[in-house]
Amino acid sequence: MRVRFAPSPTGALHIGGARTALYNWLTARHAGATLVLRIEDTDRERSTPANVEQILQALRWLELDWDEGPMFQSQRSERHREALEALLANGHAYRSTATAEDVRAYKAAHGAERGFRGVPEDEGAVRLRVPDPGETVVNDMILGEVRTDHAHLDDPVIARVDGSVLYNFAVAIDDVDAGITHVIRGNDHLSNTPKQLLVIEALGAQAPVYAHLPLLHGPDGRKLSKRHGAASVQELQEAGYLPGAVRNYLALLGWGTEDDTTIMSTDELIARFDIARVSRNPARFDEQKLRWLNGRYVRAMSTAELTRGVEDYTGRPGLGGLVEICQEKMQTLADFWPLAGPVLDGPIDDPAARERWLGPEGRAVLSDVRAALGGPGGFGREQVEEALRAVVERRGVKPKDVFQPLRVALTGTTVSPGIFETVALLGRDETLRRIDAALADGAPAAA
RNA sequence: GCCCCCAUGGUGUAACGGUUAGCACGUCGCCCUUUCAAGGCGGAGGUGAGUGGGUUCGAUUCCCCCUGGGGGUACCA
């Protein structure tokens with residue numbers, strides 16, 4: 001079994017493409033098959049080396065490797081031309097000067113249900129001769145048999161006047177030459193498949209089996225685009241998602257297990273994934289669920305592992321202690337700074353928080369807290385908790401009436417890592433310093 | 001216009017014709033509690049796009065129609 005992932009470098013790798021790559025990868029790894037990476041760069045206008053590099057980077061980030069390639073479609077033009085000559089010679093293709101307008105005019109005159117058939121000429125673009133009458137059946141692992149009546153097909157142009165070949169011709173040849181046995185790609189290619197099958201047939205080659213994946217849509221049900229937040233793999237990375245979580249989430253977009261298992265390690269995914277079980281309906285990309293799943297991954301990681309991830313993400317070393325106290329509250333790596341920043345760099349300015357918790361009552365509480373924490377003795381998490389709970393006890397108030405003023409004094413906000421952990425991490429001197437500053441003017445001074 | 005694909009709660013999905021249609025995200029409420037988050041518990045939410053036709057003793061599950069989405073219809077990929 002040989003499968004392939006064949007992105008065209010006309011932009012970044014979108015999550016739809018990432019999902020296609022993943023499904024190919026899972027299928028290959030599951031079956032012990034070979035995954036070939038091919039770059040379809042025959043669109044000379046839009047394909048750029050930068051895009052190629054970006055796609056490769058996205059795949060590497062997702063930790064999806066390949067066994068052969070990357071091969072570039074553009075470098076195979078000689079072979080394409082050779083195949084083209086063969087078809088011209090055996091009569092399966094012919095030259096024609098008919099233009100797109102001619103085809104349209106033909107249809108307008110003869111009714112849209114009859115495909116265009118050109119008349120062979122000595123020059124012009126090359127068209128494939130569609131056997132008519134006839135029918136082509138796509139044997140699809142997901143959709144079953146999809147039949148196309150040749151009457152509905154126009155003789156497609158397979159090579160431009162300048163001799164360069166077109167996509168539907170090039171893919172067919174490349175797939176055959178690479179010995180691809182299973183083509184797993186997006187449903188947007190379904191209508192192209194009969195044409196490619198016809199090319200393969202004209203070449204007298206063996207056709208692969210296909211699997212057309214349902215398309216992915218944005219949250220509003222429309223096509224995925226930049227407008228709906230993270231749409232490319234790179235954006236996902238920048239948004240602080242973990243590759244493993246993204247893989248897990250993407251695997252579930254269009255596929256599910258019989259027993260409803262949701263969280264699966266990559267090994268489990270490989271073991272359980274079955275392309276034939278893939279759903280036929282288009283799915284929407286739901287970032288909320290990705291966030292949730294990512295949070296599960298964050299919490300399942302060892303602190304050391306997460307620390308590495310956070311330090312990589314933020315580009316700042318020595319974050320271990322902070323990561324440890326933030327891990328429980330993070331869903332993405334991007335959630336780290338809002339939590340850790342104020343602890344590390346000093347209180348931020350949040351007037352609403354200050355007003356609510358550092359009024360006369362809050363300051364009174366803070367004084368008590370200061371006294372409780374100011375004495376000698378250990379300053380570990382346990383001791384801190386003990387001291388703070390004693391204040392709660394003594395004042396006869398609810399826990400949050402003590403913890404919130406303190407939290408605002410220390411970080412400026414009402415959201416932070418666990419208060420005991422935060423105090424312990426800050427240490428006695430810094431904690432007291434921040435409390436004093438808050439007490440001094442109600443406006444926590446910057447560190 | 002024509003061709004093709006799709007159709008289970010807001011979202012992703014499960015259930016090889018017979019179940020009170022399951023699970024997860026989200027949402028709501030409660031508990032825990034250190035706000036938020038996380039965790040625990042519980043609720044609402046689908047009669048299956050149609051009050052369409054057919055097959056069947058029986059249809060969410062099979063067929064047709066209708067409707068609604070989506071894709072294609074390029075000398076783009």
Side-chain angles (χ1 to χ4, degrees), chain A residues 6-10 40-47 73 96 98-100 103-104 107-108 111-115 124-127 138 140 142-143 146-149 151-154 156-162 164-168 170-171 186-194 212 214-215 217 219 221-223 249 252-263 279-293 295-296 298-299 326-331 335 339 353 356-357 385 388-389 392 398-400 402-404 406-408 413-422:
Chain A
S8 66
T10 52
E40 314 224 298
D41 55 349
T42 44
D43 183 334
R44 297 155 303 183
E45 313 285 276
R46 300 186 294 162
S47 300
Q73 194 159 60
S96 164
T99 62
V103 175
R104 258 195 292 281
K107 289 190 175 182
E113 288 202 37
R114 203 75 220 164
V126 179
R127 283 182 187 272
V138 178
D140 194 284
I142 295 170
L143 303 173
V146 180
R147 326 185 86 88
T148 300
D149 186 333
H152 298 312
L153 255 29
D154 296 321
V157 173
I158 54 177
R160 302 180 177 95
V161 182
D162 67 7
S164 59
V165 300
L166 262 35
Y167 171 75
N168 280 127
V171 219
N187 194 287
D188 50 338
H189 287 287
L190 184 57
S191 311
N192 288 325
T193 308
H212 287 95
L215 265 20
H217 294 158
R222 306 207 40 86
K223 282 186 76 173
Y249 175 73
L252 257 14
L253 257 197
W255 172 76
T257 56
E258 293 178 80
D259 62 2
D260 294 319
T261 305
T262 301
I263 298 179
S279 153
R280 284 178 305 278
N281 29 333
R284 299 183 192 206
F285 174 63
D286 178 12
E287 193 167 352
Q288 288 196 108
K289 188 162 185 177
L290 207 210
R291 277 191 68 82
W292 166 80
L293 194 57
R296 297 290 299 243
V298 164
R299 257 157 276 120
C326 291
Q327 180 163 14
E328 196 185 20
K329 303 195 176 195
M330 295 167 54
Q331 284 197 302
D335 292 342
L339 244 24
R356 163 100 199 268
W357 296 104
E385 174 164 7
L388 290 177
R389 288 204 185 279
V392 171
K398 309 199 80 168
K400 70 174 174 184
V402 170
F403 302 143
Q404 282 305 79
L406 175 57
R407 190 187 308 276
V408 174
T413 85
T414 56
V415 177
S416 82
I419 192 68
F420 312 131
E421 291 81 355
T422 301

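Letters go in sequence order (proteins before strands), and every chain restarts at 1.
A/D335 meets the side chain to side chain donor-acceptor pair (under 3.5 Å) test with A/R291, A/T332; sequence neighbours excluded. Judged as a side chain to side chain donor-acceptor pair (under 3.5 Å), and not counting sequence neighbours, the contacts of A/E385 are A/R381, A/R389. Residues forming a side chain to side chain donor-acceptor pair (under 3.5 Å) with A/R104 (at least two apart in sequence, or on another chain): A/E101. Taking the side chain to side chain donor-acceptor pair (under 3.5 Å) definition, one finds that A/R299 meets it with nothing, sequence neighbours left out.
The shortest distance between the side-chain N/O atoms of A/R389 and the OP1/OP2 oxygens of B/rU34 is below 4.0 Å. Proximity of A/R296 to the phosphate of B/rG39: a side-chain N or O atom is located under 4.0 Å from OP1 or OP2.
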Under 3.5 Å, which protein N or O atoms sit close to an N or O of nucleotides 74-77 of chain B? Give each pair with its distance.
residue: B/rC75; atom: O2; partner: A/V161; partner atom: N; Å: 3.2
residue: B/rC76; atom: OP2; partner: A/R160; partner atom: NE; Å: 2.8
residue: B/rC76; atom: OP2; partner: A/R160; partner atom: NH2; Å: 2.9
residue: B/rC76; atom: O2'; partner: A/D43; partner atom: OD2; Å: 2.3
residue: B/rC76; atom: O2; partner: A/R46; partner atom: NH2; Å: 2.7
residue: B/rA77; atom: OP1; partner: A/T42; partner atom: O; Å: 3.2
residue: B/rA77; atom: OP1; partner: A/T42; partner atom: OG1; Å: 3.3
residue: B/rA77; atom: OP2; partner: A/Y167; partner atom: N; Å: 2.8
residue: B/rA77; atom: O3'; partner: A/E40; partner atom: O; Å: 3.0
residue: B/rA77; atom: O2'; partner: A/S8; partner atom: OG; Å: 2.6
residue: B/rA77; atom: N6; partner: A/N192; partner atom: OD1; Å: 3.0
residue: B/rA77; atom: N6; partner: A/N192; partner atom: ND2; Å: 2.7
residue: B/rA77; atom: N1; partner: A/N192; partner atom: ND2; Å: 3.1

Between the protein and nucleotides 7-11 of chain B, list the N/O to N/O atom pairs that are separated by less than 3.5 angstrom.
residue: B/rU8; atom: OP2; partner: A/N281; partner atom: ND2; Å: 3.1

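Under 3.5 Å, the side chains of A/H212 and A/N187 contain no donor-acceptor pair of N or O atoms.
Within 4.0 Å of A/G295, counting heavy atoms only, lies no atom of the nucleic acid at all. Within the 4.0 angstrom heavy-atom criterion, no nucleotide atom of any strand lies near A/V126.
Residue A/D260 has its side chain nearest to B/rA14 when only B/rA14, B/rU35, B/rG71 are considered.
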